[in-house]
Chemist: 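Can you read through this structure? Questions will come right after.
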Amino acid sequence: MGAGLWGRDDCRDVACNVSTGWGTFAGMDILRTLQRDVAAAVERLYGEPVAPEKVQINPTLPEFTGDYAAVLFPFVKLARKSPEAVGAEVGELLQREAPYVKGYNVVKGFLNIELKETFWHELLQEVLSTPHYGRQPRRGERVMVEYSSPNTNKPLHLGHVRNCLLGWSCSQILDAAGYDVVKVQIINDRGVAICKSMLAWQKFGEGRTPQSEGIKGDHFVGDYYVLFERKSQEEYEAWQQTPEARALYEARRKPEQSEKDFFKEYKNRWFNEHSRLGAEVRDMLLRWEAGDPDTLALWRQMNNWVYEGFEATYAQLGVRFDKNYYESDTYLLGKDIVEEGLQKGVFFKKEDGSVWIDLTDAGHDQKVVLRADGTSVYITQDMGTARMRYRDFGCKRMVYVVADEQNYHFAVLFETLRRLGEPYADGLYHLSYGLVELPTGRMKTREGTVVDADDLIAEVLRLAREQVAERGSPTEGPEAEENIRRIAMGALKFFMIRVHPKRRMVFNPEESVDLQGQTGPYIQYSWVRIHGLMQRIEHESIDLSTAHQYTDLQPQEKELLKALREYPSVVLTAAQEYDPSHVANYGYQLAKNYHRFWHDLPVFNAPTPEARAFRLQLSRAVGQTLQSAMHLLGIEMPQRM
RNA sequence: GGUCCCGUAGCUCAACGGAUAGAGCAACUGCCUUCUAAGCAGUAGGUUACAGGUUCGAGCCCUGUCGGGAUCACCA
């Protein structure tokens with residue numbers, strides 16, 4: 001540090017990017033260049049070394065002149081001068097020595113730097129000539145992303161939609177950031193819940209199938225789950241009238257407790273101790289665990305129906321998985337780790353034989369990791385699957401996309417794995433997202449307010465079709481169908497992804513998804529405009545080689561270029577923070593800048609051939625970047641709107 | 001009660017500790033005889049829940065208070 005300012009060595013990164021021809025300094029690294037040169041200037045002027053990363057560079061606000069602003073407050077103390085004086089001195093030095101500076105001005109403690117026009121041309125050229133602009137080189141490191149993770153007793157709902165969209169976009173972003181991403185889901189295919197569906201089908205199904213009834217398999221199986229709950233409720237209500245129930249009520253009711261409240265509270269106990277259906281379900285679960293062939297056959301049949309249904313929904317959402325894990329394969333895992341943890345002294349055994357971990361010093365409680373009877377609990381299984389996945393893929397990072405209800409569970413799981421010394425423990429991340437609520441509050445199965453994923457998608461498609469028809473665009477034929485699908489899903493996806501994952505979000509199915517304003521279609525529309533221009537270039541064979549001769553750059557054009565420059569760092573930030581909303585909001589900003597540019601400045605009808613060439617090139621760069629950014633969110637561009 | 005998350009315009013959301021807190025929706029005004037008006041421009045809307053503190057500078061960091069949510073199962 002502090003070796004000469006603007007010496008030969010520096011020339012490489014600052015300026016001499018000669019290979020591209022007409023450029024004289026690197027465009028994309030302008031922030032680092034400014035950081036370094038401002039730091040060097042401060043050091044030269046005031047004799048104190050300054051770390052370049054301490055220099056803060058922001059885009060200049062639109063109401064001031066200049067392109068980028070250096071924040072000078074941190075240096076006024078060591079300079080022993082006013083912020084204005086520091087700005088003037090640093091600005092003067094930069095303008096004299098740095099080849100890329102056109103001018104400067106100082107407002108309060110901000111040094112606004114105006115860049116020469118060659119900088120902007122260089123920047124545009126870099127964006128256009130970089131293959132897959134925004135993608136980082138491969139790191140040779142694997143990351144696993146677990147998302148969706150449904151139960152097989154009911155269809156996917158609104159919450160799964162947010163989960164899937166987050167999981168998918170997060171995977172895409174990590175991929176763009178250079179990781180090799182392995183996308184997995186863990187399917188909860190066993191347990192009491194699916195047995196309820198199985199039993200109801202066995203008793204009341206009369207051999208019906210999804211095919212015979214013409215409904216999706218997941219809905220078909222889900223309907224039997226609901227049927228079971230209904231029959232069970234009927235049985236319960238009948239039971240409440242029996243002498244046995246009356247006696248229990250009189251004996252156990254708390255003072256002030258109403259009959260209704262008492263029986264509501266008693267339901268689980270009743271199901272386990274008195275219910276005939278309950279006994280049958282438990283019996284079925286036992287037969288399943290014992291490997292009874294008939295039970296297993298039924299179980300496979302019903303789950304396969306569900307998987308067919310899930311596949312259809314996943315296809316609509318545009319999400320895929322590299323591997324499925326099934327709870328039926330993993331629910332016994334983790335016991336070896338418990339044994340190991342006992343030996344390491346990470347776990348301890350209580351008198352009854354149950355095994356625990358004490359996390360009180362980490363701000364958590366004591367937690368059971370193995371029951372007294374030697375059977376696993378939820379967290380045992382998660383420890384086991386974590387290790388299995390690490391063996392399967394060697395991922396040192398694993399991301400769990402799971403709703404924030406389970407924050408505590410994952411905090412405990414990760415801390416436990418850390419203490420066990422698992423090699424991937426520091427790379428575990430819970431991508432916790434807030435529940436999707438309806439305007440009326442939380443979705444409740446019992447109240448029938450659950451928004452079904454397939455219904456939701458159908459509704460959004462219907463709305464998009466309506467809008468397309470209203471604008472007089474074609475709605476018939478495969479191409480129109482595909483455009484409608486892209487617009488509809490673009491709207492839905494953008495709506496859900498643009499919100500920070502951690503926030504709870506309110507979703508109004510009535511108004512469903514807007515197609516105007518800060519939306520997916522707004523972004524798609526800007527791309528469609530560009531797409532139209534690109535097609536004209538083809539047809540009319542326009543000469544774009546004079547773009548660099550364009551001199552009179554407009555503010556709208558600079559704004560676009562500034563936004564383009566940010567794209568790679570936005571992708572990196574989104575990957576580091578596991579937060580796709582950054583990319584969504586960036587896409588909106590870029591589209592907004594483009595719409596303004598389009599409105600204010602003629603492209604094809606630009607005043608000069610150079611201006612036209614430049615604006616077409618600029619449009620192309622924006623189009624590519626928009627498409628790339630939306631691709632990271634799983635949003636596809638329609639050919640026309 | 002303990003722990004964690006969230007409180008920003010009527011609504012839905014932004015804002016690496018930086019300049020006068022920004023967008024969209026809803027409301028009101030304008031702009032299609034020039035590349036698609038799913039667009040653009042404008043008006044109005046704010047004590048960033050509240051009170052202190054840290055510093056050149058706080059919506060953001062710290063402390064407390066008040067509201068909302070989640071969780072604190074040998075359920076998954």
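Note that the structure is predicted; figures quoted are calculated from it, not measured. Below, chains carry the letters A, B, ... as their sequence lines are ordered, and counting in each starts from 1. Hydrogens, waters and symmetry mates play no part in the numbers below; they use all other heavy atoms, side chains included.
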Chemist: Could you please name the option among B:rA38, B:rA15, B:rA76 that lies closest to any side-chain atom of A:R471?
Modeler: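 Among the listed nucleotides, the one closest to the side chain of A:R471 is B:rA38.
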
Chemist: According to side-chain hydrogen bond (donor to acceptor under 3.5 Å, both in side chains), who are the partners of A:T573, at least two apart in sequence or on a separate chain?
Modeler: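 For A:T573 there are no side-chain hydrogen bond (donor to acceptor under 3.5 Å, both in side chains) partners, ignoring immediate neighbours.
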
Chemist: Could you state the atom-to-atom distance from CD of A:E437 to P of B:rC6 in whole Å?
Modeler: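 The distance from CD of A:E437 to P of B:rC6 comes to 16 Å, rounded to the nearest Å.
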
Chemist: Do A:R529's NZ or CZ and the ring of A:Y594 fall within the cation-pi criteria of under 6.0 Å and 45°?
Modeler: no

Chemist: Which of residues 63-70 of chain A have a heavy atom under 4.0 Å from RNA chain B?
Modeler: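 The answer is A:F64, A:A69.
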
Chemist: Applying ring pair (Phe, Tyr, Trp, His ring centres under 6.0 Å), name anything that partners A:Y550, two or more places apart in sequence or on another chain.
Modeler: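 Residues passing ring pair (Phe, Tyr, Trp, His ring centres under 6.0 Å) with A:Y550: A:F614.
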
Chemist: Sticking with atom P, work out how far B:rC62 lies from B:rG18, rounded to a whole angstrom.
Modeler: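 It comes out at 16 Å once rounded to the nearest Å.
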
Chemist: Please report, rounded to the nearest Å, how far the C1' atom of B:rC56 is from the CZ atom of A:F73.
Modeler: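 My rounded result for the distance is 6 Å.
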
Chemist: What nucleotide among B:rA19, B:rG18, B:rC74 has an atom nearest to a side-chain atom of A:N112?
Modeler: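 Looking only at side-chain atoms, A:N112 lies closest to B:rA19.
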
Chemist: Measure centre to centre between the rings of A:Y46 and A:F75, then say whether the value is under 6.0 Å.
Modeler: no

Chemist: How far, in whole Å, is B:rU54 from B:rG59 if one measures between their P atoms?
Modeler: 16 Å

Chemist: With side-chain contact (heavy atoms from CB on, under 4.5 Å) as the test, would you mind laying out the steps for A:L435 and A:E405 before giving the verdict?
Modeler: CA-CA 8 Å; A:L435 255 54; A:E405 307 165 292; 4.0 Å; yes

Chemist: Base, backbone or nothing for each nucleotide of nucleotides 28-35 of chain B, written B, S, -, heavy atoms under 4.0 angstrom, 5' to 3'?
Modeler: ------SB

Chemist: For A:R282, I'd like to know if atom CZ has over 12 heavy atoms of other residues, nucleotides or ligands within 6.0 Å.
Modeler: yes

Chemist: Between A:Y586 and A:Y567 (judged by ring centroids, cut-off 6.0 Å), do the two rings come close enough to count as a pair?
Modeler: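 Yes, they do, as the ring centres are separated by less than 6.0 Å.
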
Chemist: From C-beta outward on A:M641, which listed nucleotide comes closest to its side chain: B:rC40, B:rA38, B:rG18?
Modeler: B:rA38

Chemist: Below the 4.0 Å mark, does B:rU20 have OP1 or OP2 next to a side-chain nitrogen or oxygen of A:K108?
Modeler: yes

Chemist: Applying ring pair (Phe, Tyr, Trp, His ring centres under 6.0 Å), can you list everything that pairs with A:Y522, at least two apart in sequence or on another chain?
Modeler: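 For A:Y522, the residues satisfying ring pair (Phe, Tyr, Trp, His ring centres under 6.0 Å) (neighbours in sequence not counted) are A:Y588, A:H595.
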
Chemist: Give a yes or no on whether the ring-centroid distance for A:Y400 and A:F414 is below 6.0 angstrom.
Modeler: yes

Chemist: Using Watson-Crick or G-U wobble pairs with both distances under 3.5 Å, give me RNA chain B in dot-bracket, 5' to 3', with [ ] for crossers and | for pairs to another strand.
Modeler: (((((((..((((....[...)))).(((((.......))))).....(((((..]....))))))))))))....

Chemist: Just checking A:N151: base, sugar-phosphate only, or nothing, at a heavy-atom cut-off of under 4.0 Å?
Modeler: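 The answer is nothing, as A:N151 stays clear of every strand by at least 4.0 Å.
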
Chemist: In whole Å, I'd like the distance from the NZ atom of A:K77 to the P atom of B:rG57.
Modeler: 10 Å

Chemist: If the P atom of B:rG57 is compared with that of B:rA27, how far apart are they to the nearest Å?
Modeler: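 So the two P atoms sit 43 Å from each other.
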
Chemist: So which nucleotide from B:rA19, B:rG39, B:rC74 ends up closest to the side chain of A:Y522?
Modeler: B:rG39

Chemist: Residues two or more places apart in sequence or in another chain: which of them pass ring pair (Phe, Tyr, Trp, His ring centres under 6.0 Å) with A:F271?
Modeler: none

Chemist: Can the ring centroids of A:Y429 and A:F410 be said to lie less than 6.0 angstrom from one another?
Modeler: no

Chemist: Check for me whether A:R190 meets the cation-pi criterion with A:Y326, that is, NZ or CZ under 6.0 Å from the six-membered ring centre and within 45 degrees of the ring axis.
Modeler: no

Chemist: With a centroid cutoff of 5.5 Å and a plane-angle limit of 30°, would you call A:F110 stacked on B:rG18?
Modeler: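 So A:F110 does not count as stacking on the base.
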
Chemist: Could you work out, with ring pair (Phe, Tyr, Trp, His ring centres under 6.0 Å) as the rule, every residue matching A:F110, not counting sequence neighbours?
Modeler: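 Checked A:F110 against ring pair (Phe, Tyr, Trp, His ring centres under 6.0 Å); matches are A:F73.
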
Chemist: Kindly compute the distance separating CG (A:L413) from CD (A:Q406), expressed to the nearest 0.5 Å.
Modeler: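 A:L413 CG to A:Q406 CD: 10.5 Å, rounded to 0.5 Å.
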
Chemist: With syn defined as a glycosidic angle within 90° of 0 and anti as everything else, classify B:rC61.
Modeler: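 B:rC61: anti glycosidic orientation.
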
Chemist: Let's see if you can work this out: which of B:rA19, B:rA23, B:rA38 has an atom nearest to the side-chain heavy atoms of A:K592?
Modeler: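 Among B:rA19, B:rA23, B:rA38, the one nearest the side chain of A:K592 is B:rA23.
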
Chemist: Pairs in or reaching into residues 348-367 of chain A: which pass salt bridge (Lys or Arg N to Asp or Glu O under 4.0 Å), with residues at least two apart or in two chains?
Modeler: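 Applying salt bridge (Lys or Arg N to Asp or Glu O under 4.0 Å) to every pair that reaches into residues 348-367 of chain A, excluding sequence neighbours, yields A:D361-A:R419.
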
Chemist: For the residue pair A:W598 and A:F604, is the inter-centroid distance of their aromatic rings smaller than 6.0 Å?
Modeler: no

Chemist: Check nucleotides 1-4 of chain B for protein N or O atoms closer than 3.5 Å to its own N or O atoms and list the pairs.
Modeler:
none

Chemist: Starting from P on B:rG69, measure out to CG on A:D404 and report it in whole angstrom.
Modeler: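 From A:D404 CG to B:rG69 P: 13 Å.
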
Chemist: If only side-chain N and O atoms of A:R371 are considered, is one of them under 4.0 Å from the OP1 or OP2 phosphate oxygen of B:rC75?
Modeler: yes

Chemist: Between A:V71 and A:N58, does the side-chain contact (heavy atoms from CB on, under 4.5 Å) criterion hold? Intermediate values first, please.
Modeler: CA-CA 8 Å; A:V71 184; A:N58 302 325; 3.7 Å; yes

Chemist: Write down the distance between CD (A:E405) and C1' (B:rC75), rounded to a whole number of angstrom.
Modeler: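 About 13 Å, once rounded to whole Å.
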
Chemist: Could you run down the sub-3.5 Å N/O contacts of the protein with nucleotides 10-14 of chain B?
Modeler:
| unit_1 | atom_1 | unit_2 | atom_2 | d |
| --- | --- | --- | --- | --- |
| B:rC13 | OP1 | A:V506 | N | 3.4 |
| B:rC13 | O2' | A:R498 | NH1 | 3.0 |
| B:rA14 | OP1 | A:H500 | N | 2.6 |
| B:rA14 | OP2 | A:R503 | NH1 | 3.2 |

Chemist: Strictly below 4.0 Å, heavy-atom distances to any atom of RNA chain B: list the hits from residues 372-384 of chain A, or just say none.
Modeler: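 Those residues whose heavy atoms fall under 4.0 Å from RNA chain B, taken from residues 372-384 of chain A in numerical order, are A:A372, A:V377, A:Y378.
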
Chemist: P atom, B:rC50 versus B:rC11: distance in rounded Å?
Modeler: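 Approximately 15 Å lies between the P atom of B:rC50 and that of B:rC11.
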
